[in-house]
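Everything on this sheet refers to the single structure shown next.
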Amino acid sequence: MKKINALVSVALCFTAILHAVSFSGCIMGIIPYFPFLNIMGRITLTLLVIHIIISLCVFFFSNDSGVVGHYGFLNKSTIIQRISAIAMMILVHVHLIGGFFGKDGAPDQPLKTILCIFEILFLASICLHISLSVPKALITLGLTQKEKTINASKKISYVFIALVFLFCLIGTAVYVL
């Protein structure tokens, strides 16, 4: 089940990054708006729901469960990964509400600013979760096994996701201004 979840999470990372970068580019005027951007969001949301269901099954029904006392043996990145997952599950609702306003955004500046703050928190939790998850997914899929390769995949993941976050942050700032 972990391998299936790793495959779903890799697809989810791809669609989420594509969705975020495309919409940020659209907001900045770099990419023209087209309906596929909304379809990409729906695909991403569907993959997210599948990933959450599988993750909960792995969490509760495998040896990697969250049994009380087990947390002491988990490494910090796993705990941070789980906290960021919970934050995403909460903040995705605000993100979806913001999407209902369409490409022109919220009708007034105070609402736009509040949505922007929550969007930044949502982006931060996604980027944190992805940067920690991708190297683990590569290990689960057997694509990285040596310590040197694992460390390199972590560094590449951190740098790439930081660049995605900065790009999306600029898009979010343009949205508010």
Side-chain angles (χ1 to χ4, degrees), residues 4-56 77 80-138 141 143 153-177:
I4 293 170
N5 200 29
L7 287 170
V8 170
S9 65
V10 168
L12 174 58
C13 289
F14 176 75
T15 61
I17 291 169
L18 187 60
H19 173 69
V21 169
S22 297
F23 260 106
S24 295
C26 181
I27 290 168
M28 289 185 276
I30 298 170
I31 300 170
Y33 176 81
F34 52 98
F36 183 71
L37 293 176
N38 287 331
I39 294 168
M40 181 57 63
R42 290 184 184 109
I43 292 168
T44 302
L45 182 61
T46 302
L47 288 170
L48 177 64
V49 170
I50 293 168
H51 177 62
I52 289 169
I53 292 168
I54 295 172
S55 295
L56 289 172
S77 70
I80 293 169
Q81 185 180 13
R82 289 179 180 172
I83 291 169
S84 65
I86 292 167
M88 282 189 304
M89 286 189 278
I90 294 167
L91 293 169
V92 72
H93 300 289
V94 177
H95 176 72
L96 293 172
I97 290 168
F100 289 124
F101 292 114
K103 63 180 181 176
D104 296 326
D108 61 2
Q109 194 61 35
L111 181 57
K112 206 181 244 192
T113 304
I114 291 168
L115 287 173
C116 178
I117 291 166
F118 279 104
E119 193 67 21
I120 291 169
L121 293 172
F122 182 57
L123 282 169
S125 63
I126 290 171
C127 290
L128 180 62
H129 192 78
I130 289 175
S131 68
L132 295 172
S133 299
V134 168
K136 292 178 181 184
L138 295 175
L141 293 171
L143 299 174
S153 72
K154 286 179 182 179
K155 288 176 185 174
I156 291 168
S157 177
Y158 298 157
V159 170
F160 178 74
I161 294 302
L163 292 173
V164 168
F165 180 72
L166 285 173
F167 185 79
C168 294
L169 199 59
I170 292 167
T172 305
V174 168
Y175 171 78
V176 171
L177 302 175

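With sequence neighbours excluded, the residues that form a side-chain contact (heavy atoms from CB on, under 4.5 Å) with Ile170 are Met28, Val174. Under the rule for a side chain to side chain donor-acceptor pair (under 3.5 Å), Ser22 has no partner lying at least two apart in sequence or in another chain. A search for side-chain contact (heavy atoms from CB on, under 4.5 Å) contacts involving Ile86 returns Met89, Ile90, not counting sequence neighbours. With sequence neighbours left out, the side-chain contact (heavy atoms from CB on, under 4.5 Å) criterion links Ile156 to no other residue. Partners of Lys136 according to the side chain to side chain donor-acceptor pair (under 3.5 Å) rule, which considers only residues two or more places apart in sequence or in another chain, are Ser77, Thr78, Gln81. Considering only residues two or more places apart in sequence or on other chains, Ile130 meets the side-chain contact (heavy atoms from CB on, under 4.5 Å) condition with Cys13, Ile17, Ile126, Val134, Ile161.
Phe118 is not listed as a side-chain neighbour of Thr113, based on a closest heavy-atom distance of 4.5 Å or more.
The environment of CD1 in Ile4 is sparse: at most 12 heavy-atom neighbours from other residues, nucleotides or ligands sit within 6.0 Å.
To the nearest 0.5 angstrom, Thr172 atom OG1 is 10.5 Å from Phe167 atom CZ.
Residue pairs meeting the side chain to side chain donor-acceptor pair (under 3.5 Å) criterion with at least one partner in residues 36-53, sequence neighbours excluded, are Asn5-His51, Thr15-Thr44, Tyr33-Asn38.
Phe23 and His19 have perpendicular rings, their planes meeting at more than 60° on a 0 to 90° scale where under 30° would count as parallel.
Smallest separation of non-hydrogen atoms from Leu132 and Ile80: CD1-CG2, 3.6 Å.
In this structure a side-chain-to-backbone donor-acceptor pair under 3.5 Å is present from Ser157 to Ser131.
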